[in-house]
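Below: one structure, written as structure tokens.
Naming convention: chains lettered A, B, ... in sequence-line order (proteins, then strands); numbering from 1 in each chain.
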Amino acid sequence: MKGEAAPNAPGAYREVTLAAMLLGVGQGMLMTAAFTYIGLKLGFGITGSSIAAILGFALLRGVGRGVLKVRGAGSILETNINQTVASGVNTASSGVVFTLPALIMLGHEYSVWVVLLAATAGSFMGVILIIPLRKQMVEVERLRFPSGVAVATILRTPGAGIKKGALLGIGFGAALLITLLGQLGVFPEDIPIGPWLASAFDVAPEGALSLSLLGTTFYLSMANIGAGMLSGKGGIPFALGGILAWWLVGPIAVGAGFTAPGLAGDELVSSVYGQLIRPTGIGMLIGGALAGVVVSLPALRGALRSLSAAARASRVEGGSSEELSPRLLGVGLAASVLALVFVTWVATRGQAMHPLQVLGAALVGALWIALAGLIVAQATGATDISPLSGLALIAVTLMLAVTSGNVVLAVTIGVAVCIATGQCADMMTDLKTGHLIGAVPKRQQLSQLVVAWVGPGIAIGTTLLLWQAGPGGTGGFGPDSVACVEKTADCLPAPQAAVLKGLIEGVVSGTAPVDKYLSGAGIGAALAAFPVGGLGVLVGLAMYLPFSITLSYGFGCVVSIVLERRKGRRFTADKTVPIAAGFIVGEALTALGYTLVKMLGGGG
Amino acid sequence: MVCFILGLVVSATYAARPASLDAEHLATLSSRGLLSSWADGALVPYLAGLLLMVVGVVLARWRRPGLAARVLARAGASSPEALLTRIEAAVAALDLQGPTEVASQRISELVEGEMTEFVEHGPALTERLGMLAYSELIGDFAVAERSLARAWSALIDGAHEEVPLSVERARAALGRVRTQLESAQSPPGGGPASA
């Protein structure tokens, strides 16, 4: 690609505007605080893109164009910048909620300012590191990024025609109904297909057959099914990975006597998943991502070369490149790494570590951020699922190993990793949306970069406030907090951070499954060498996640493939995509709305 | 493929094998102990599985040249050159002065139809051009896609001054794609096309 000038002078067609930026920051700040609270309460992160897109349309187009009569306000591209900024701010909430509460609950002394610096550095690093890979992931590999497609479908609604709009509404309505019925307990979230069969055919609760049946449940998530529908045949390796884990590897392992004798039923399932399949999957994710980089080197080289060529050409011809300049990215990256070195130095001051060891620890943290970002972006692109918390767990394990058990530093770097990987996934998803609606990548990249510092402060501040809301100004969350012990409505169990706390205690006592990580990495590398893009990461992710998720995702893929074969490609574009997008957005908004209503009503 | 899958099942099963089948002994192992104990019980079958996977990878890569193009030919797909000609003609024929709905509908059909079909030639084009040249080509093609998407958005938003600029950018980018496709077909020295 030769040096591309940006499409038009800013201002001709509303794209990056002060209104879009300010509204995005405002929405992002509110969502960060709300999602931090929800994360501590329920243990999952929420992405704010679709919410921001809908609110952005209502405020920028409805109020800006309709009420204030601003010509061209709330254009598709301006609303896209608004959702890019809002999601760029609120993505920090997951990164903080999964990690920082563990450090607080462990009771170690730490500096809030150092954690804030690490989190901010991680936030910038996430955006900067992933930008050069846009060409590779969005243009060369053509990853689907289902949430990105869903947001693009929302943004295109004004011109997509009444039929597509109606289909989006039908998908939304179906997801709303099913999610609501599930939340109200009308039917279980996981449909126990295998357990029903086991019960019907009177299968003994121990043994290989029992494992494959009891492990086979169907996650009735319309968003998950919708993501599978948008991925189509590209998502099949992920679904096959789940089948490999639960219908082959698991049963063979049970048959070979790899599990403790006497285990049966749910105990057998959770033992095989937690001790055999999941840690091996983590290793495969790492090996698959590393080898994937090696396999993609020629294309990556091409992408980086065209970035430099575009920057050079724009300098010579006086135009504007479509991408942020590599020089700016390099300076940003260097500043972020320096911040991490400073964080490491501060956190290891009392530990008599050699300066080179401090530098090495910081660089290991930075390298892990790069690799984890790549894994999350690939996983999100192919499946819409990001293993954020798993990668933060590995970051903490890694840092504990290289700093001789410095828990404060390990979790601090874990915060940076988790925020960075969240930013990688969010930036790339937004860039996919932008590709589909014709946004200039550089403007999206710059918009997200400019606000990357906002989210970490809000999320950390909210977390600390909630901790201080406990009796005597401490102990406001965690399974051991007074509210959770007494099972009152204001209990915030911080589930992900509680798992991290348990892992840290385990690693410090030397029980991390390094054998699984290493052997899994070898398999991930071999999978990545197979001529199907991203196979190592996809199969690793399928083994890392519960089978119920891969199964319902695979169901979505199969539905999409069958429909395309029978009805043709046009049907996919006209019917499948809007319905699936409706599923994703419908479930996200319903789940969020229901949770907020429940919490405000004191039923949480 | 069979070789690869068999290797995957064997290696994954033994990768998942606990370092020790005695739970009490397992709980006492350090990281190094975990590794050596796992290697004692699982390394040989694990490596055998990995070897089968590597053989499967080599066989798949050896059989791959031409496979993607043959699959597309069997499915009756047009060649990339023919598709590009159709796309260029459709872009040139866009009536930007006419009703907005007609132009936006045509752009939608083009992006979701012929342009998506062109992208499906990715694996075949990668085999033909090599990864580096393909990433250059598809980069220019992506500029055309994005420019047409921008023209569509501008049409819907009523930003009429943006539409011809974006369509012109798409046209220029498609021209660069054609140049790259043609230069890949012509051997050095200007002899007859070999593809």
Got more than 12 heavy atoms from elsewhere within 6.0 Å of OH, A:Y544?
yes
Contacting region of A:R278 [heavy-atom separation from chain B under 4.5 Å]
neither
Evaluate the salt bridge (charged side-chain N to carboxylate O under 4.0 Å, His left out) criterion for residues B:E162 and A:R14: first the C-alpha distance (whole Å), next the side-chain angles of each, then the deciding distance (0.1 Å), finally the verdict.
CA-CA 10 Å; B:E162 177 70 29; A:R14 286 177 71 94; over 6 Å; no
Please assess A:K135 against B:E136 for the test salt bridge (charged side-chain N to carboxylate O under 4.0 Å, His left out), listing each intermediate value before the final yes or no.
CA-CA 10 Å; A:K135 279 184 170 294; B:E136 292 260 328; over 6 Å; no
Most contact-rich option vs chain B, by heavy-atom pairs under 4.5 angstrom, among A:V138, A:T280, A:I437, is A:I437
Please rank B:L35, B:I5, B:T13, B:I138 by heavy-atom pairs under 4.5 Å with chain A and give me the top one.
B:T13
Hey, does the side chain of A:Y13 reach the backbone of B:S153 with a donor-acceptor pair shorter than 3.5 angstrom?
yes
Looking only at B:S11, B:P18, B:G158, B:A12, most heavy-atom pairs under 4.5 Å shared with chain A are made by B:P18
Would you check if the side chain of B:R61 reaches a backbone N or O of A:A529 as a donor-acceptor pair within less than 3.5 Å?
yes
Is it true that a side-chain atom of B:D157 and a backbone atom of A:I76 form a donor plus acceptor pair closer than 3.5 Å?
yes
Contacting region of B:E109 [heavy-atom separation from chain A under 4.5 Å]
both
In terms of heavy-atom contacts, A:G438 and B:A149 come closest through N-CB, 3.5 Å
Could you grab the distance from atom OG of A:S519 to atom CG of B:L43, nearest 0.5 Å is fine?
9.5 Å
Distance check, rounded to the nearest 0.5 Å: B:S108 atom OG versus A:R156 atom CZ?
5.0 Å
Side chain / backbone / both / neither for B:S104 at chain A, heavy atoms under 4.5 Å:
neither
Largest heavy-atom contact set with chain A, pairs under 4.5 Å, which of B:V58, B:L50, B:D22, B:V54
B:L50
A:L276, A:V539, A:I523: which one forms the most heavy-atom pairs within less than 4.5 Å of chain B?
A:I523
For chain B, find its close neighbours in residues 240-248 of chain A: heavy-atom separation under 4.5 Å, sorted by number, or none.
A:L244, A:L248
Non-hydrogen atoms of chain A under 4.5 Å away: do they reach the side chain of B:T116, the backbone, both or neither?
side chain
Where does B:V111 contact chain A at under 4.5 Å (heavy atoms): side chain, backbone, both or neither?
neither
Just wondering, more than 12 heavy atoms not from A:E267 lying within 6.0 Å of its CD?
no
Between B:W38 and A:L518, is there a side-chain heavy-atom distance shorter than 4.5 Å?
no
Charged N-O contact under 4.0 Å between B:R169 and A:E322:
yes
Closest approach of B:R146 and A:R134, non-hydrogen atoms and distance?
NH1-NH1, 3.5 Å
For A:E139 and B:V143: C-alpha separation, side-chain torsions, deciding distance, then whether side-chain contact (heavy atoms from CB on, under 4.5 Å) applies.
CA-CA 9 Å; A:E139 296 179 358; B:V143 171; 5.6 Å; no
Is A:A260 close to chain B through its backbone or its side chain, or both, or neither, when contacts mean heavy atoms under 4.5 Å?
neither
Which one, A:G281, A:G520, A:P441, leads in non-hydrogen pairs under 4.5 Å with chain B?
A:P441
Any donor-acceptor pair under 3.5 Å from A:K516 side chain to B:R17 backbone
yes
For the pair A:R142 and B:E145, evaluate salt bridge (charged side-chain N to carboxylate O under 4.0 Å, His left out) and give the outcome as yes or no after the intermediate values.
CA-CA 13 Å; A:R142 298 269 157 178; B:E145 284 179 301; 2.7 Å; yes
Measuring heavy-atom distances to chain B, does A:A256 have an atom under 4.5 Å in its side chain, in its backbone, in both, or in neither?
neither
What are the two closest heavy atoms between B:Y46 and A:G522, and how far apart are they?
OH-CA, 3.5 Å
